[in-house]
*Asks:* 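I have a structure I would like to understand better, so I am pasting it below and will then ask my questions one at a time.
Atoms within each ligand, like the ligands themselves, are counted from 1 in listed order.
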Amino acid sequence: MERRTRVRFAPSPTGPLHMGGVRTALYNYLYAKQRGGDFILRIEDTDSHRFVPGAEEYIIEALSWCGIRPDEGVDEQGKVVSERSEKHPHAPYRQSERKPIYRQYAEQLVKGGYAYYAFDSAEELAAMRAEMEGKGQTFIYNYATRGQLRNSLTLSEEECARLLEEKNDWTIRFKMPENRVVAMDDMIRGHVEVNTNTLDDKVLWKKADCLPTYHLANIVDDHLMEISEVIRGEEWLPSLPLHYLLYEAFGWQDSMPRFAHLSLLLKPDGKGKLSKRDGDKMGFPVFPLKWVNPEGEVSRGYREDGYFPEAFVNLLAMLGWNPGDERELFSLEELVEAFSIERIVKSGARFNPDKAKWYNKEYLRKRDDESLCEDFMPILAEKGVQADKDYVLRVVKLIKERATFVQDFWSIASYLFVAPTDYAEKDVAKFWKEENYSLALQVADFISSYDKALIKEEFEVAVEEFIRSREWPMGKVMNCLRLALVGASSGLGIADIVCLIGLEEFSRRVAAAKATLC
Ligand code: GLU
């Protein structure tokens, strides 16, 4: 029987979700949806020292903004599910709430000889490490050293029983086999082999807080939640041999998921992992949403920077995957259709902030004017402008091609709402010369007395005809008029501006420019 596709995104709530994390979630989601399978969200919060308040909510909100909806793990209100139900058969989905589950599995491994109790305190291990480093060696808790350490492999049964009873900082460690080659298959990287002598005896469970470590909890939960594929970041590739051996030790090889490790998102210059500092330095976000850390430090987000979620999802999908042809624009539904693990690249994906903007520009152009208008109205209100919707709609239609973000509308077209209060000095020096403005003011008189309906095409022809028939320099005259209307020589065509602001406002602005500049 074909196995049902069940994948999971398993973030640890240690801070805001990096855009690389969102990409991991997205690829999992696409993989599941393409196969009619389930996408599960599981919160891996067993490391209480690294827990950051608000991070879990942030992760859920970020996924929801992107339109990535988990089938299991989160309820309609966006809360992580604790109660088992038909829709959420594997609840709780927060590992801290699954605490009682894990110990028995760790003990099972001890019984089977795959793990052991370790009694060395953190101080003893630190001393051991220092001693070996003093001799120019590195300390690894593994086959070579465990025979000299205090654990259930070296101590008598009675001594062990006593320590288990008396001490409360013992751990259960995995007994990494000596000199074994673990052969693994990765859906992206292919066949990988690792000799176990390079690996250490990882802690699986800690008596101090009665919690599992990542490795144990992750494997146990992937098994219990019937995960069919694990798609995650390549930082977990070094853990894969251990995970393989854990499946083997539990006797779960037959239902072991397949693994795919995604390459990193790289800095724009391709040298190293894309970090928040790169974003701060070069002026782009690396987080989906704005984040304020507990110390009050603010990190910008794609959402707050004005990106459309569709653009963000599209640009993320293309960082490390391609459809095999020239297409670049994909909706989430189209991605579900087109996605394939085979077309994920093995090498790191270089982030290009200009390309990110390009995506937003494309989505802005595709967006309907009504919704752009709705997004622009609050910005206008913030600027203290009261404009009616029809007017704003006309403006949006005219300027959307020039903008990358909705907030650009204001810088592109503020003069369609408020008269300029100053005039760009450079442009004044260049264009506001008597031989030009004397002509421009005559054109202005002609415009002010224009007595037909203001229909852009007709009006434009009439004005140009007026200038051309007198053989006046079109560009210079128009630039003078634009200076009066816009405050600079750049901007929309005179006819477009006049048809929007009207003849009365036109005359007012020309008079003001004349008073200030002549
Ligand atoms: N909790 C791990 C993380 O934060 C999950 C790794 C995995 O997907 O196995 O990335």
*Asks:* Around ligand 1, what residues show up once you keep those with a heavy atom under 4.0 Å from it?
*Replies:* Arg8, Ala10, Ser12, Glu44, Tyr214, Asn218, Arg232, Trp236

*Asks:* Please identify each residue that fulfils side-chain hydrogen bond (donor to acceptor under 3.5 Å, both in side chains) with Arg150, with sequence neighbours left out.
*Replies:* none

*Asks:* Verify the ring-centre separation between Tyr27 and Phe339: is it less than 6.0 angstrom?
*Replies:* yes

*Asks:* Determine, for Tyr141 and Arg173, whether the Lys NZ or Arg CZ falls below 6.0 Å from the six-membered ring centre while staying within 45 degrees of the axis.
*Replies:* yes

*Asks:* To the nearest 0.5 Å, tell me how far Tyr93 OH sits from Ser82 OG.
*Replies:* 11.0 Å

*Asks:* Going by distance alone, is a donor N or O of one side chain under 3.5 Å from an acceptor N or O of the other, for Asp120 and Asn151?
*Replies:* no

*Asks:* Please report the C-alpha distance between His243 and Tyr214 in whole Å, then the side-chain angles of each, then the deciding distance to 0.1 Å, and finally whether the ring-ring contact (aromatic ring centres under 6.0 Å, His included) criterion is met.
*Replies:* CA-CA 11 Å; His243 295 180; Tyr214 155 74; 5.7 Å; yes

